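Since this is a predicted model, take the numbers as computed values, not measurements.
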Amino acid sequence: MSLTGKHIGVAFTGSFCTYEKVFEELKKLAEEGAVVQTIFSNASQTLDSRFGNAEDFLKKAEEITGQAPIRTIPQAEPIGPKSYLDILVLFPCTGNTIAKLANGITDTPVLMAAKAHLRNNKPLLISLSTNDALGMNMKNIGLLLNAKHIYFIPFGQDNPAKKPNSMIAHTDLLIPSIEAALSGKQIQPIIRCAGSD
């Protein structure tokens, strides 16, 4: 499937350790000819970390996509009535966002974008990145795995010895995961070991 001309939302949440890989994949989407609109959560657009400064991430997203990021709940709300996205990717998606999404909480630009987009019965793709996937958040992941129009980029444990509850998506599978979700399919297998094909 060609992604040329597809309108793809990419929503950033605060898993800053994944941003380097996320921006690599964002460039690939732009190179594929997709029209990419980024959305930044409150945390992702305001918090600086050892992985970089929030303002630099916002600028980088605009440079890659050619569009200013959505930064507020009012800016995200029209995604619903205007129905201009073909797919929305939560990339990366923290455990906090997973928990709120599974429980119908809409208190950030990213969660408003997700709610607005899902009302149109279009695919929402999740790129998991959380230290408690196999802990308190397992129930929320389970709820979303069984929800209509919600798909996951395959994920697995990233450091079983030191962080046994932590799981992270294989971000290099973004494009095939988008293609599958746009066809109404969940790419398989969902659970993959680190380094698996």
Side-chain angles (χ1 to χ4, degrees), residues 1-15 18-19 22-23 25-30 32-46 54 57-129 140-141 143-145 147-153 169 171 174-175 177-186:
M1 171 188 292
S2 171
L3 296 182
T4 301
K6 294 290 184 185
H7 288 73
I8 299 175
V10 175
F12 285 73
T13 67
S15 183
T18 65
Y19 277 23
V22 166
F23 277 109
E25 298 304 317
L26 194 64
K27 287 178 185 176
K28 291 178 187 176
L29 277 183
E32 287 275 327
V35 179
V36 183
Q37 173 64 64
T38 57
I39 303 108
F40 277 72
S41 71
N42 298 331
S44 64
Q45 65 181 282
T46 58
F57 292 137
L58 289 162
K59 287 177 183 175
K60 192 170 185 178
E62 186 165 357
E63 286 170 5
I64 292 170
T65 65
Q67 299 194 73
I70 288 173
R71 300 178 63 169
T72 68
I73 288 175
Q75 288 173 345
E77 191 275 337
I79 288 172
K82 291 187 178 178
S83 190
Y84 59 80
L85 296 179
D86 295 303
I87 187 169
L88 174 61
V89 189
L90 306 189
F91 193 61
C93 187
T94 61
N96 189 53
T97 299
I98 286 277
K100 289 181 177 184
L101 183 62
N103 288 281
I105 297 169
T106 310
D107 63 354
T108 72
V110 167
L111 288 161
M112 174 54 78
K115 175 185 176 181
H117 179 71
L118 283 170
R119 87 174 212 175
N120 297 317
N121 295 322
K122 292 182 178 180
L124 176 71
L125 181 63
I126 294 173
S127 180
L128 188 68
S129 181
N140 297 314
I141 294 167
L143 286 171
L144 296 177
L145 282 168
K148 278 185 177 181
H149 310 298
I150 294 181
Y151 304 88
F152 281 77
I153 295 175
T171 54
L174 172 66
I175 289 177
S177 297
I178 287 174
E179 291 170 341
L182 285 169
S183 299
K185 297 176 182 177
Q186 170 63 55

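The distance from atom CD1 of Ile98 to atom CG of Leu90, rounded to the nearest 0.5 Å, is 7.5 Å. To the nearest 0.5 Å, the span separating CG on Leu125 from CD on Gln186 amounts to 8.0 Å. Expressed to the nearest 0.5 Å, how far CD1 of Ile150 lies from CG of Leu101 amounts to 5.0 Å. With rounding to the nearest 0.5 angstrom, the CD1 atom of Ile73 is 8.0 Å from the OG1 atom of Thr106. Considering CG of Leu85 and CG of Asn120, their distance stands at 9.0 Å, rounded to 0.5 Å. Here Met112 contributes atom CE and Ser41 contributes atom OG; the two are 14.5 Å apart, rounded to the nearest 0.5 Å.
Ser15 pairs by the side chain to side chain donor-acceptor pair (under 3.5 Å) definition with Ser129, not counting sequence neighbours. Partners of Lys28 by salt bridge (Lys or Arg N to Asp or Glu O under 4.0 Å), not counting sequence neighbours, listed by chain and number: Glu25. Among residues two or more places apart in sequence or in another chain, the side chain to side chain contact (heavy atoms under 4.5 Å, CB included) test is passed with Lys82 by Pro78, Tyr84.
The local environment of NZ in Lys115 is sparse, with at most 12 non-hydrogen atoms from other residues, nucleotides or ligands closer than 6.0 Å. No more than 12 heavy atoms of other residues, nucleotides or ligands shown are found within 6.0 angstrom of NZ on Lys27.
Looking only at distances, no side-chain donor or acceptor of Gln45 sits under 3.5 Å from a matching main-chain atom of Phe12. Of the possible polar contacts, one joining the Lys122 side chain to the Ser83 backbone as a donor-acceptor pair under 3.5 Å is found.
In this structure, Ile178 and Ile8 have side chains that are in contact, with non-hydrogen atoms separated by less than 4.5 Å. Using a 4.5 Å cut-off on side-chain heavy atoms (C-beta onward), Thr46 and Phe40 make no contact.
The minimum heavy-atom distance between Asn103 and Asn140, with the atom names listed, is ND2-OD1, 3.3 Å. Scanning all heavy atoms of the two residues, the minimum distance from Pro92 to Thr13 falls at O-OG1, 2.6 Å.
Note: Phe57 and Tyr19 have perpendicular aromatic rings, judged against thresholds of 30 and 60 degrees for the angle between ring planes.
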